[in-house]
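Okay, structure first, notes after.
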There are 2 protein chains.
Amino acid sequence: MATLYDVCEKTGLSTATVSRVINGSGLVKEATRERVHQAMKELNYRPNQAARKLAGGKTDTIGIILPLLDNGYYVKVLRGIDNVSTKEKLKLLISFYHSETDLLDYLQSLCREGRTDAIILMNNTFFGPDKVRELAGDDIPIALIGQNGINEGMDSVLIDNFQGAYRAVTHLLENKPQSLLLLTGPKDNHDSNKRLEGAQQAIQDASLEIDVKIVTGDFYHEGGRKAFEEYVGRQNALPEAIFAFNDAMALGVLDVLAETEKRIPEDIQLIGFDNNEIGQYIGLSTVSFPMEQIGETATRLVAERIKNKDLKPSSISMETSLIPRKTTR
Amino acid sequence: MATLYDVCEKTGLSTATVSRVINGSGLVKEATRERVHQAMKELNYRPNQAARKLAGGKTDTIGIILPLLDNGYYVKVLRGIDNVSTKEKLKLLISFYHSETDLLDYLQSLCREGRTDAIILMNNTFFGPDKVRELAGDDIPIALIGQNGINEGMDSVLIDNFQGAYRAVTHLLENKPQSLLLLTGPKDNHDSNKRLEGAQQAIQDASLEIDVKIVTGDFYHEGGRKAFEEYVGRQNALPEAIFAFNDAMALGVLDVLAETEKRIPEDIQLIGFDNNEIGQYIGLSTVSFPMEQIGETATRLVAERIKNKDLKPSSISMETSLIPRKTTR
DNA sequence: TTATAAATTGTAAGCGCTTCCTTTATGATC
DNA sequence: GATCATAAAGGAAGCGCTTACAATTTATAA
């Protein structure tokens, strides 16, 4: 494969000059620049990335670490990341983590092996900010998406779970239902807990006489169905309004409701969270957050930081929006 | 950040020896190996990837080039790729292409910049095998998934569209409908054409008196709906059996059928192709191909090839399976 | 013991670039 | 036409590794 030297030979120039035109450094005569470009094209030459990096250059690559793509959610974020990385001519080195061990390994390997110029870490629930910094070393900027987003010294993009849940519940309470069920995610889940806070605040602010029950789910369809089924079995009554903390569980609730003679939304209102594809299809009311924008923002953040290491890290919170559809009034 | 020299200094060994233990070359005394490992751990040392590559090593990275993740299909393939790349300790450099220009650029950049040890190229409909080889150069193995899979000299994983369509139609014809509609993909689409061949073969083999119509769709929900709607308008009659060449279009057909008093599957049978998430949810009969396995297979292929450049390229065809659900009898 | 093979470690070149520091070419000024 | 600033190009070191090849140590056998 052609190297810089081949280009030098072909043009009779030195490596310094050729390198300058590759990097667009400007201190080259126009005619020379063209001569070099011509030679590069003829040789089908592309600069070797490893050599560039080693000689003190950049990798033009950002590392993305995210959980396994088990729902459309991450795909959308990825699309956002792709949108801006394409513009910025950045390559994507993507690692999907399945466990804490994986995450640790990926973080170290992306950060300390000189593979990337920056990292976007998504939904890390395993390590605190200090640990992340320690693992990553200090040479490489990191942007966080979601979860552990609250921390100094790192860029982060957060989802406003509180506000989203607040809106969902407020919407549900507009018709003054007598009873409300909150179907949460796992107990130690950060998103879930924030949503719970938002929901509770909305209930309080509505100052209604209402019977609120909380049932713990697991963010999965099946789990949501079971949790709701059991709840209904125990209570022997259906709530008039249900806020499932994500759409997957809302779908589970719907399964149970389908075996009932209750009408939706006339008798029972249901809202989810996530705006997933199936919910969209069947007309589930939900709360959506701008996944694609989140990816874009995070990528923009690191792209800026690569260009200017001294920039102050910033924390950006993304607003959610209510999407009322057929399962609420 | 710690370098090899730091490890040398700490252990009093030469770079050669330390490098040997890093690469597990075996010709090092056990005690020495441990000493080195210890030092590496203490220094939190990781070998610089660029330097390794430059010195003649591997990148431990494979490049993945695939269309924008606009459906669950690619995500599953990606999961398969992840499954085996994780095992093989390979990193993933992923590029999503939006156009022919993108694809060309990604191919060149992944292949000629020394960023990866191998490439997996998915659903390339733009370049023929020769062009791909030319763009990639000869130093790097490429595996193809789908579409242009038929070519010598490159590993490829193909989907047996013919057989899948054959099965779908055969299933549809079991109840001897009087009329059958084939809702195809775009006219120049390889997958679609193969499916059409399979469908036609199945019709022929069934040797029934049947009225077969072909309508061209675009593989999208909306497009499928429209194409079907127009067809129905023209014909002023509904076919008794419909094979939509993918699930998205089948969903579109379903939309139209919903405004009709016909019962499914009693009056009209419908089958799709893809086994997508929504179809799964609503009980659409379909043909599924093992996406995850396809990704795994392709990755295994390139992983083997990296280890042994002389292996003969192989072309593997993956079978589809019929998934009868509620929209067929 | 001593020669000889095998195991272990070291030396140094070089992978393909970038960049600092010089050198040389080109103009501008008086 | 000589002087000096500026633009353009070249020389060479060095980034952090791997790997021939060479040197040394250790084990084995006669």
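All chains are named by letter (A, B, ...) in the order of the sequence lines, taking the proteins before the strands, and each is independently numbered beginning at 1. For the numbers below, each heavy atom of this structure counts, side chains included, while hydrogens, waters and symmetry mates do not.
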*Grab the stems for DNA chain D, please: at least three consecutive Watson-Crick or wobble pairs, both distances below 3.5 Å, written as range with range.*
C:1-30 with D:1-30
*For the residue pair B/Y5 and B/Y45, is the inter-centroid distance of their aromatic rings smaller than 6.0 Å?*
no
*Answer yes or no: are there more than 12 heavy-atom neighbours, outside B/E9 itself, under 6.0 Å from its atom CD?*
no
*asked:* side-chain hydrogen bond (donor to acceptor under 3.5 Å, both in side chains), that's the test. Do A/Q38 and A/E42 meet it? Break it down for me.
replied: CA-CA 6 Å; A/Q38 181 60 28; A/E42 281 171 24; 2.7 Å; yes
*How long is the line joining CE of A/M40 and P of C/dC17, in whole Å?*
11 Å
*How many Å lie between CG on A/D139 and C1' on D/dC15, as a whole number?*
15 Å
*When the distance from NZ of A/K53 to C1' of C/dT18 is rounded to whole Å, what number comes out?*
13 Å
*From B/M154 atom CE to B/L121 atom CG, the distance as rounded to the nearest 0.5 Å*: 8.5 Å
*Find the distance B/R33:CZ to C/dA7:P and express it as a whole number of Å.*
14 Å
*Starting at CD1 of B/I140, measure out to CG of B/D117 and round the result to the nearest 0.5 Å.*
7.0 Å
*Between A/G56 and A/A51, which has a closest nucleotide on DNA chain C that is more 5'?*
A/A51
*Among the nucleotides D/dC17, D/dA9, C/dT11, which one has an atom lying closest to any side-chain atom of A/L13?*
D/dA9
*Can you tell me how far C1' of D/dA12 sits from CG of A/L4, to the nearest Å?*
14 Å
*Does B/R46 come within less than 4.0 Å of A/D105, counting only side-chain N to carboxylate O?*
yes
*Can you name the closest pair of heavy atoms from A/A136 and A/R112 and give their distance?*
C-NH1, 3.8 Å
*Of the listed nucleotides D/dG10, D/dC15, D/dT19, the one nearest the side chain of A/S14*: D/dG10
*Check the distance between D/dC15's P and B/Q49's CD and give it to me in whole angstrom.*
19 Å
*Determine whether any donor atom in the side chain of B/Y5 lies under 3.5 Å from an acceptor atom in the base of D/dC17, or the reverse, and answer yes or no.*
yes
*asked:* Under 4.0 Å, heavy atoms only, any strand: does A/T32 hit a base, just the sugar-phosphate, or nothing?
replied: sugar-phosphate
*Picking from D/dC17, C/dT19, C/dT9, which would you name as closest to the side chain of A/S19?*
C/dT19
*When the nearest nucleotide of DNA chain D is assigned to A/V18 and to A/A55 on a heavy-atom basis, which residue is associated with the more 5' position?*
A/V18
*In whole angstroms, how far is the P atom of D/dT19 from the CD1 atom of B/I22?*
12 Å
*Nearest-Å distance, CG (A/L43) to C1' (C/dG16)?*
15 Å
*When you check the phosphate oxygens OP1 and OP2 of D/dT18, does a side-chain N or O of B/N23 lie under 4.0 Å from one of them?*
yes
*Does the side chain of B/T15 get closer than 4.0 angstrom to OP1 or OP2 of D/dC17 through an N or O atom?*
no
*Select from A/R35 and B/M1 the residue whose nearest nucleotide in DNA chain D is closer to the 5' end of that strand.*
A/R35
*In the 5'-to-3' direction, what one-character label does each nucleotide of nucleotides 22-28 of chain D receive under the scheme B = base within less than 4.0 Å of a protein heavy atom, S = sugar-phosphate only, - = no such atom?*
-------
_Quick check: on DNA chain C, is the nucleotide nearest B/L54 upstream (toward 5') of the one nearest B/L27, or the reverse? Name the residue that is more 5'._
B/L27
*Flag the pair B/E88 and B/K307 as a salt bridge only when some basic side-chain nitrogen lies within less than 4.0 angstrom of an acidic carboxylate oxygen.*
yes
_Shortest side-chain distance from A/A16, nucleotide among D/dC17, D/dG10, C/dG10_ = D/dG10
*Is B/K309 atom NZ crowded by more than 12 heavy atoms from other residues, nucleotides or ligands, each under 6.0 Å away?*
yes
*asked:* Measuring only between side-chain heavy atoms, which start at C-beta, is A/M40 closer than 4.5 Å to A/I22?
replied: yes
